[in-house]
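Nothing here was measured: the structure is a model prediction, and the numbers come from that model. Chain naming here is simple, since letters A, B, ... match the order of the sequence lines and numbering starts at 1 in each. Just so you know, these numbers use all the heavy atoms, side chains as well, and skip hydrogens, waters and symmetry mates.
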Amino acid sequence: MDIPSKYEPQNVENHWYDYWMKHNYFHSTPDEREPYTIVIPPPNVTGVLHMGHMLNNTIQDVLTRRARLMGKNACWVPGMDHASIATEAKVVAKLKEQGINKSDLTRDEFLKHAWAWTDEYGGVILDQLKKLGCSCDWERTAFTLDDERYASVIKIFVDLYNKGLIYRGYRMVNWDPEAQTTLSDEEVIYEEKQGLLYYLEYKIEGSDEKVTIATTRPETILGDTAICINPNDDRFRHLRGKKAIVPICNRVIPIIEDEYVDIEFGTGCLKVTPAHDINDKALGEKHKLETIDIFNADATMNSFGMHYEGKDRFVVRKEISKELEENGFLVKTEQHMNKVGTSERTKAVIEPRLSDQWFLKMEDLVKPAIKGVLDSDDINFFPKKFENTYRHWMENIRDWNVSRQLWWGQQIPAYYFGDGENDFVVAENIEDALALAKEKSNNQQLTTDDLRQDEDALDTWFSSWLWPMSVFNGITDPDNEEVNYYYPTNDLVTGPDIIFFWVARMIIAGYEFRDEKPFKNVYFTGLVRDKQRRKMSKSLGNSPDALKLIEKYGADGVRVGMLLCSAAGNDLMFDEDLCQQGKNFANKIWNGFRLVKGWEVADLPQPEASKLGIAWYQSKFNQTLLEIEDHFSKYRISDALMSIYKLVWDDYSSSLLEIIKPAYQKPIDKTTFDQVIQIFEQNLKLLHPFMPFLTEEVWQHIAERTPEEALVISKWPAVTATNSELIAGFEFADEVISGIRTIRKTKNIPMKEALEVSVLNEGKISEDWDVVICKLTNVSEISYVDAAVDSALSFRVKSNEYFIPVGGAIDVEAEIAKIQEELEYTKGFLTSVQKKLSNERFVNNAPDQVIAIERKKQADAEAKIETLEKSLVSLS
RNA sequence: GGGAUAUUAGCUCAGUUGGUUUAGAGCGCUGCCUUGACAGGGCAGAGGUCACCGGUUCGAAUCCAGUAUAUCCCA
């Protein structure tokens with residue numbers, strides 16, 4: 001059989017993915033086994049795979065595949081998010097290219113376009129996840145806007161409304177003038193921007209006096225309805241009760257007093273624009289001021305903007321400051337750092353805007369969710385530090401604005417039957433609404449034609465917060481077999497950036513609607529950054545193309561590369577070199593298999609070295625398996641991978657294979673061969689969750705396998721007893737091997753030339769390992785001596801001393817120097833140990849075990865010093 | 001402005017209730033190695049006053065207080 005020396009992932013990955021799909025290994029249905037469930041954080045339907053997804057989904061796949069191997073009924077539910085703002089923006093842009101304006105379309109027409117767009121371009125990301133190897137149950141693919149999820153959302157909205165938790169309010173909201181919709185507080189990003197602080201003079205009515213105010217937004221003066229001073233500020237005492245005149249529009253406005261004004265800031269005097277600032281709104285309500293909205297929905301000026309009508313606010317800012325300056329109202333400007341809210345999606349500067357919106361009362365809803373995470377073990381966060389973030393938000397929660405002025409989403413099921421503020425009903429469908437409306441209005445003549453449904457759609461998160469339930473139809477059919485079996489789910493893997501948007505809200509929803517947590521553990525991954533610590537983003541162009549990476553390094557290589565640098569919760573600095581490391585590892589495993597496969601097997605007795613080596617490896621494997629289980633239990637995925645990496649590379653490839661390797665072109669005994677194959681298969685099982693493609697490929701190369709014997713559904717190794725004596729024995733032997741190799745190096749003795757080694761066995765070390773040492777260092781014989789050997793190079797391991805006679809003169813000076821250096825170190829070490837032991841308080845207070853360790857250290861060091869001193873004597 | 005988290009080798013990170021040698025790993029770096037699994041490899045080696053300043057303790061990278069710096073969240 002001819003196996004290529006390099007592993008070529010491109011040739012095998014699609015093949016095995018198809019094989020897995022064909023045999024339906026990823027599909028899950030409820031059965032007797034313990035379920036293991038993950039719901040995917042649904043990527044945006046518009047999305048393409050980026051580094052964040054790759055990390056996130058690799059971790060989910062590792063967890064899912066491991067659970068499957070452990071005999072659990074693993075179910076990883078995939079899906080997508082309709083991402084109302086982002087998707088609607090894309091569809092609007094696409095239509096614009098075709099010369100179609102959204103405003104010319106009806107809602108139904110627009111939605112038709114949006115669905116067409118979704119069907120054509122959406123969901124690319126799901127195919128990309130397959131390339132990455134994700135073992136999702138694709139038959140369960142859900143969409144936050146499909147019929148089932150739509151119905152769930154509507155049902156929940158009505159339920160919450162009927163519980164009195166949803167209300168309609170005229171509130172100041174974050175308005176995105178570009179998308180022309182409301183944003184929740186969480187969707188606003190504050191950025192520091194250098195701006196100007198304008199000092200403006202207002203005339204005082206009926207006098208020549210003037211008052212100077214400072215503002216960052218001169219264009220809003222046309223909406224001013226008051227000037228505010230601090231009652232404790234003596235500088236403005238004379239203005240009390242007077243009125244001021246707004247420049248340009250010459251409106252007369254009152255001068256009010258309120259302690260809200262910061263005396264130190266600007267001039268200590270504030271203009272009040274209730275329609276365009278949240279604080280001014282509060283002042284306006286308190287002092288019963290008029291509210292004048294001067295903007296259109298796209299943040300251009302309306303008729304209150306006078307000759308600026310139709311112009312954008314930023315254009316107006318420039319122009320009006322010029323006009324103010326020309327007319328002597330502008331005193332001066334100053335540089336000023338300003339925090340400006342911008343839209344997460346469109347990057348537009350947010351306008352505070354008053355409008356009718358739907359809100360969800362959060363105060364009582366959060367209570368069980370706080371308890372579930374913080375005051376009990378119901379839900380665990382990994383890493384734990386994010387519990388603080390969670391607490392902070394939950395304890396300061398504000399009502400959730402759930403309405404969006406968009407069409408792409410679930411339409412709010414509120415139906416208006418009149419023009420009064422409360423002339424509406426909320427119902428799951430128009431028939432129910434009509435019945436309710438008849439009752440509420442006392443008008444039996446109403447028909448469905450008299451009802452008008454609210455135009456707004458719901459926030460996307462109002463559908464994704466139901467995800468762990470809705471994917472199992474748990475809302476429309478709350479007692480169905482699937483939701484009872486799979487819910488609550490086990491693990492959620494997501495980024496800490498959506499802890500409020502999504503994680504917290506799912507927890508709230510879980511307790512509210514099913515009286516049960518949505519998941520047991522939340523694993524927060526870090527954000528993927530580039531080497532310069534910058535966030536990866538499309539606009540920076542610093543995000544590598546995920547598919548190209550897979551093409552270049554193989555999915556397994558990329559998976560390993562991502563995981564190697566991703567300690568839980570820490571941001572990870574992605575470096576393409578790590579994928580190379582992953583690819584190299586794949587190749588190493590491949591060659592570890594190729595070597596064994598190339599051996600000719602014969603019916604021979606098993607050599608001692610092989611027997612010992614295999615026994616040792618089995619213990620080492622078991623020890624590592626324990627480590628791995630421990631890492632997994634703490635969600636230390638990258639540590640688990642590193643343990644396997646070292647096991648396979650160092651212990652299996654570098655040590656075990658070298659120990660059992662037959663002489664060149666000689667056959668191997670069958671016992672060893674069978675054992676090493678079995679060992680290799682166990683390795684593959686540990687590797688499979690991390691590197692599914694390569695491992696399945698090798699697994700199927702080892703033997704013909706039926707579909708029932710595929711690696712993907714094999715059995716995770718069980719922990720057995722570890723023989724620590726074997727492990728310690730090898731560690732010692734390894735040090736001896738290293739010593740011999742070092743001498744070979746320094747003296748340039750080629751590996752081909754056999755050496756003879758003598759040992760002064762002060763430490764009474766077992767001879768068992770000598771066969772292994774000889775094989776790995778090409779030593780013909782290890783002889784035991786009673787005294788130091790003359791004219792030989794030496795090295796020491798613990799209190800044992802090893803001698804290698806070499807041809808030619810020994811540099812005695814150099815040998816002495818080397819020993820003296822070692823002696824000095826050991827003496828220094830001994831001193832530090834003795835210091836501890838001679839300290840009475842240490843001996844009295846430290847636990848016995850610690851003292852025993854220290855005494856052992858002392859004895860070892862003393863023995864070593866004795867050995868070293870003897871060597872010195874014999875050399876001089 | 002308020003809060004959280006961090007600061008350990010060139011880089012990325014471990015270091016679990018203070019005590020397993022005088023602090024570890026992976027990568028990188030340096031040197032040597034071309035026939036026989038793998039140069040995508042092997043072997044060996046260098047590299048750190050654990051941010052700083054105090055304190056608690058028999059003992060501190062680890063606990064406490066302060067300082068500096070960085071990142072994130074909130075306003």
Side-chain angles (χ1 to χ4, degrees), chain A residues 3-7 185-186 190 278 339 341 383-393 396 496-497 499-500 526-527 529 531 533 535 553 557 561 564-575 577-578 580-599 630-631 634 636 638-639 641-643 645-646 649 653-654 657-658 661-666 737-746 748 750-751 777 798 825-826 828-833 835-847 849-854 856-858 860-861 864:
Chain A
I3 309 168
S5 74
K6 286 180 181 170
Y7 172 62
D185 293 332
E186 286 72 29
Y190 289 89
I278 182 83
K339 288 259 174 143
K384 207 173 162 52
K385 66 178 177 182
F386 288 113
E387 288 182 5
N388 286 326
T389 317
Y390 180 81
R391 174 192 312 257
H392 190 256
W393 189 68
N396 295 285
D497 49 335
I499 192 166
F500 308 137
L527 294 173
R529 297 173 178 278
K531 272 169 113 176
R533 283 197 175 270
K535 224 168 155 169
Y553 301 103
L564 280 175
C565 59
S566 59
N570 283 353
D571 286 358
L572 66 101
M573 269 31 82
F574 180 75
D575 182 350
D577 292 351
L578 287 162
Q580 185 61 48
Q581 194 185 338
K583 189 177 180 183
N584 292 352
F585 184 41
N587 197 52
K588 186 74 186 175
I589 298 162
W590 179 251
N591 278 290
F593 155 70
R594 204 161 72 95
L595 174 66
V596 175
K597 199 70 188 170
W599 287 331
D630 184 55
H631 288 317
K634 293 169 183 156
R636 303 181 64 127
S638 63
D639 287 342
L641 173 58
M642 186 45 76
S643 295
Y645 182 88
K646 285 196 267 194
W649 200 304
S653 294
S654 300
L657 289 184
E658 292 302 327
K661 194 188 254 181
Y664 182 53
Q665 290 191 334
K666 293 276 161 54
I737 290 164
S738 209
I740 296 169
R741 281 173 176 166
T742 306
I743 285 179
R744 269 192 192 280
K745 295 231 105 146
T746 51
N748 266 324
M751 189 59 187
T777 56
K798 297 253 163 62
Y825 175 90
T826 315
F829 172 66
L830 179 62
T831 312
S832 82
V833 175
K835 226 196 222 160
K836 267 192 207 169
L837 284 170
S838 61
N839 184 332
E840 256 180 59
R841 294 212 272 179
F842 171 70
V843 179
N844 293 337
N845 294 326
Q849 201 191 344
V850 173
I851 294 171
I853 288 164
E854 292 300 316
K856 174 86 166 50
K857 283 190 210 168
Q858 186 184 26
D860 285 354
K864 178 130 197 186

Q) Would a 4.5 Å heavy-atom cut-off, applied to side chains only, mark A/Ile499 and A/Phe386 as touching? A) yes
Q: Just name whichever nucleotide pairs with B/C38, Watson-Crick or G-U, keeping both distances under 3.5 Å, else none.
A: none
Q: Could you work out the separation of B/C13 and B/G19 based on their C1' atoms and round it to a whole Å?
A: 24 Å
Q: Output the single nucleotide from B/U22, B/A25, B/A37 whose closest atom is nearest the side chain of A/Met642.
A: B/A25
(Q) Students often mix this up, so state it plainly: with edges at 30° and 60°, are the rings of A/Trp590 and A/Phe593 parallel, tilted or perpendicular? (A) tilted
Q.
For B/U56, give the paired nucleotide (Watson-Crick: N1-N3 plus N6-O4 or O6-N4; G-U: N1-O2 and O6-N3; both under 3.5 Å), or none.
A. none
Q. Counting side-chain heavy atoms from CB outward, which of B/G15, B/C73, B/C38 is closest to A/Arg636?
A. B/G15
**Q.** Nearest listed nucleotide, side chain of A/Lys857, among B/G41, B/A44, B/U21
**A.** B/U21
Q. Considering only side-chain heavy atoms of A/Tyr645, which listed nucleotide, B/C27, B/A44, B/U21, is closest?
A. B/C27
Q: Give one of base, sugar-phosphate or nothing for A/Ser653, where a contact means two heavy atoms less than 4.0 Å apart.
A: base
Q. Closest to the A/Lys588 side chain: B/G42, B/C73, B/U21?
A. B/G42
Q) Using a cut-off of 4.0 Å on non-hydrogen atoms, how would the nucleic acid contact of A/Gln858 be classed: base, sugar-phosphate, or nothing? A) nothing
Q: Round to the nearest Å and state the distance from A/Lys385 atom NZ to B/A6 atom C1'.
A: 7 Å
Q.
For a quick check of understanding: with a heavy-atom distance under 4.0 Å over all strands, which category does A/Trp599 fall into, base, sugar-phosphate or nothing?
A. nothing
Q.
Please report the distance separating the P of B/A51 from the corresponding atom of B/A60, rounded so that it comes out in whole Å.
A. 15 Å
Q | B/C29 pairs with, by Watson-Crick or G-U criteria that keep both distances under 3.5 Å | A | B/G45
Q.
Please name the nucleotide paired to B/U62 by Watson-Crick or G-U wobble geometry with both distances under 3.5 Å, or report none.
A. none
Q) With a non-hydrogen cut-off below 4.0 angstrom, is A/Asn388 in contact with a base, only sugar-phosphate, or nothing? A) sugar-phosphate
Q.
Suppose we define a pair by two distances each less than 3.5 Å, Watson-Crick or G-U wobble; what does B/A9 pair with here?
A. none
(Q) Can you tell me which nucleotide in B/C43, B/C74, B/C38 comes closest to the side chain of A/His392? (A) B/C74
Q. Run the salt bridge (charged side-chain N to carboxylate O under 4.0 Å, His left out) check on A/Lys634 and A/Asp630 step by step: do they pass?
A. CA-CA 7 Å; A/Lys634 293 169 183 156; A/Asp630 184 55; 3.1 Å; yes
(Q) Please pick, from B/C74, B/U22, B/A37, the nucleotide with the shortest atom-to-atom distance to any side-chain atom of A/Leu595. (A) B/A37
(Q) Once you apply a heavy-atom cut-off of 4.0 Å, does A/Phe585 come out as touching a base, just sugar-phosphate, or nothing? (A) nothing
Q) In whole angstroms, how far is the C1' atom of B/C13 from the NE2 atom of A/His631? A) 13 Å
(Q) Restricting to non-hydrogen atoms, name the atom on A/Thr826 and the atom on A/Ala861 that form the minimum distance, rounded to 0.1 Å. (A) CG2-O, 3.8 Å
Q.
Considering every strand and a 4.0 Å limit on heavy-atom distances, what is the contact class for A/Lys745: base, sugar-phosphate, or nothing?
A. base
Q) When the C1' atoms of B/G28 and B/G47 are considered, how many whole Å apart are they? A) 11 Å
Q: Measure from CD on A/Glu854 to C1' on B/G59 and round the result to the nearest Å.
A: 10 Å
Q.
Within the 4.5 Å heavy-atom criterion, are A/Gln581 and A/Tyr645 side-chain neighbours or not?
A. yes
Q: Tell me which of A/Lys661 and A/Ser832 sits closer to the 5' end of RNA chain B, going by the nucleotide each one is nearest to.
A: A/Ser832
Q: Could you pick out which residue, A/Lys6 or A/Asn748, lies toward the 5' side of RNA chain B when each is mapped onto its nearest nucleotide?
A: A/Asn748
(Q) Can you check the distance between B/C74 and B/U67, where both ends of the measurement are the P atom (answer in whole Å)? (A) 26 Å
(Q) Using 30° and 60° as the class boundaries, would you call the ring planes of A/Phe585 and A/Trp649 parallel, tilted or perpendicular? (A) parallel
